[in-house]
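Please read all numbers here as calculations on a predicted model, not as lab measurements.
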Amino acid sequence: MATKVPVFNSDCSSLLAKYLSQQVFSQLEDKVTTSGYTFKQAINSGLVNQDSGVGVYAGDAESYTMFAPLFDPIIADYHNFNPHDSHQSNLHFDELFGLNPDPTGKYILSTRIRVGRNIADMPLGPALSRQQRRTIELQLAKTLTGLSGELSGNYYSLGNIDAETRKQLIADHFLFKAGDRFLDAVGLNRDWPEGRGIFHNLEKTFLVWVNEEDQLRIISMQPGGDIKAVFSRLVKAVNEIEVSVPFLFDQRLGYLTSCPTNLGTALRASVHIRLPKLGDDLITFKAITDHHQLQIRGTSGEHSVSEGGVFDISNKRRLGVTEVECVQDLYDGVVELIEREQELAINVDLKK
Ligand code: ADP
Ligand code: DAR
C-alpha cells in the first residue's frame, strides 16, 4: 500500500506543494543518495514551514538527479529554466555597461554582490558530517588567510570570537546568526556554531561566510553605488579562491547550492537605496522592478521589512543567465528607479 502524499494547508503556495504529486512522492519517498541524504530530508523544510516559497533543499549534487522528478519542475517554475536549457558563466565584469548610477551618493547607501559556492566532491550543507564541516572550515581558513593585497584580512571562527570582535562584527552587519527556521528544518544549523566563521579584509569591503547556508558566501561590498568596482573585487576574490578551492559546478545547473533558488550564478547583486517617493507609490515601484526582474527586500536580511524609505533591491534571475547579465539587471533597474524617484520629487515640488 503506497504511503499517502503529505497534505498541505489550503493557503500553502510553495513550489513543493505545487509539484509533490502522489505519483512523484511514491516514486521518490524511499530514495537515499550516496551521502545518505534522504528525499524526506529534502522536503522537510517545506512540510514544517508551510509558508515556504520553494520548500526543498539539496543535500549533495546527486540530489539534483535522484530527486529530479520533483526538483526539475520546481527549478523550471522558479527560474523559467527547462531540463534542456543550458547555463553559461561570464565573470568578465568589464562587460558591465554603465558608470556609477548615483555619483553624488544621494540615493544608494551601499552596494553588495555575493555568490554562493560549495566545494567539489563534498556533500552540500544539509548532508555534511560534523567532521566534514570542520575540515572545510580549516581548508577555507587557510586559503582565505593566504590571500594578499586588497583581499588580505582575518578569519574569525564563530565558536571562539571574543566579545569585542563579536560586538564589532555585529555593528558592521557582518556577523551571520544561526540560520532561520527554514534552514533549521533541513539540518543546516546542526552543531551550531562549530565549523562556521567569517573572513573579512582590512578595509571591510570583502567578506566570506564559511558554512552558512552554503560552504562559501563570497561577498564584495562598499558604501555608495560604484557597482562595477564591487563586481570587479568580487571576481578577483572568486578567481583567487578558486586557485586552491575547486567549486562544485554542473554543466546544466551551474554552481550547485543547497537551495535551488541560488543555482546557476548563485549571485545576488543588491543596493540599499533611498527611494521614499517610490515607497509611497508601490504600483509604480513594482512595475519598474518587475520590468527589470528585480526583487525588493528589507534591509536587514531576506525576511526583513524596509524601513525609512530605504530598500534592498537585487536581481531575481540566477540560472540561465550570466553573472554580467545579473548585475546588468540591477544596474539598469537602479538607473530607472532613480530617474522615477527624481520625477516624483519634481512633481511634489511643482505642487507646492
Ligand atoms: P543574501 O542571501 O544575499 O546573504 P540577505 O538578504 O539575507 O541575503 O542579506 C544578508 C545580509 O547582507 C543582511 O544583513 C543584509 O542587511 C546585508 N546586505 C544585503 N545587501 C546589502 C547592501 N546592498 N548593502 C549593505 N548590506 C547588505
Ligand atoms: N525559505 C526557503 C528558501 C527561499 C530562498 N532563500 C534562501 N535560499 N535563503 C523557501 O522555500 O522559502
Side-chain angles (χ1 to χ4, degrees), residues 1-33 37-59 63-83 124-127 177-190 213 253 257-264 268 279 282-283 285-287 289-291 293-307 311-320:
M1 176 71 174
T3 316
K4 278 287 288 166
V5 64
V7 176
F8 294 87
N9 299 343
S10 55
D11 62 350
C12 175
S13 58
S14 71
L15 294 179
L16 171 63
K18 185 173 178 182
Y19 293 105
L20 186 62
S21 64
Q22 179 65 60
Q23 185 201 349
V24 167
F25 183 71
S26 301
Q27 187 181 354
L28 297 177
E29 66 171 319
D30 298 325
K31 295 280 187 191
V32 186
T33 69
Y37 188 67
T38 67
F39 176 71
K40 287 178 180 158
Q41 282 174 287
I43 64 173
N44 189 58
S45 185
L47 294 181
V48 169
N49 301 291
Q50 297 266 322
D51 57 339
S52 292
V54 177
V56 300
Y57 289 90
S63 300
Y64 285 106
T65 48
M66 181 175 279
F67 308 148
L70 174 64
F71 275 54
D72 276 358
I74 287 177
I75 290 165
D77 190 313
Y78 186 89
H79 292 284
N80 188 24
F81 185 85
N82 296 302
L124 295 166
K177 300 181 282 295
D180 55 33
R181 56 192 163 91
F182 303 96
L183 303 183
D184 196 51
V186 72
L188 273 164
N189 294 336
R190 284 171 298 127
E213 181 174 331
L253 296 174
T257 53
S258 53
C259 179
T261 62
N262 281 312
L263 286 169
R268 189 171 90 88
L282 290 179
I283 293 172
F285 196 170
K286 261 190 83 21
T289 52
D290 288 350
H291 174 65
Q293 302 185 83
L294 299 178
Q295 184 182 29
I296 304 171
R297 291 186 182 188
T299 51
S300 300
E302 181 179 5
H303 303 294
S304 67
V305 294
S306 303
E307 292 167 329
F311 301 88
D312 176 316
I313 305 294
S314 62
N315 61 295
K316 211 185 276 181
R317 300 196 297 170
R318 307 247 197 289
L319 173 61

Would you check if [X] and [Y] make a side-chain contact, meaning some heavy-atom pair closer than 4.5 Å?
X      : Y      : answer
Asp312 : Ile296 : no
Gln295 : Asn315 : no
Leu124 : Tyr57  : no
Pro260 : Tyr78  : no

Which atom pair, heavy atoms only, marks the closest approach of [X] to [Y]?
X      : Y      : answer
Asn262 : Arg318 : OD1-NE, 3.1 Å
Ala17  : Cys12  : CB-SG, 3.8 Å
Ala58  : Pro126 : O-CG, 3.4 Å
Gly55  : Leu16  : O-CD2, 3.8 Å
Asn189 : Ala178 : OD1-C, 4.0 Å

Rounded to the nearest 0.5 Å, how far does [atom2] of [Y] lie from [atom1] of [X]?
X      : Y      : atom1 : atom2 : value
Thr261 : Glu302 : OG1   : CD    : 7.0 Å
Phe285 : Leu294 : CZ    : CG    : 9.5 Å
Leu263 : His79  : CG    : NE2   : 5.0 Å
Leu20  : Phe8   : CG    : CZ    : 5.0 Å
Asp77  : Asp72  : CG    : CG    : 12.5 Å
Asp184 : Ser45  : CG    : OG    : 9.0 Å

In terms of heavy-atom contacts, does [atom1] of [X] have more than 12 from other residues, nucleotides or ligands at under 6.0 Å?
X      : atom1 : value
Lys316 : NZ    : yes
Gln22  : CD    : yes
Asn82  : CG    : yes

[X] side-chain N/O to [Y] backbone N/O, donor-acceptor pair under 3.5 Å:
X      : Y      : result
Asp180 : Phe182 : yes
Gln50  : Asn9   : yes
Ser258 : Glu213 : yes

Parallel, tilted or perpendicular: which fits the ring planes of Phe67 and Phe39, with parallel below 30° and perpendicular above 60°?
->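 Plane angle over 60°, so perpendicular.
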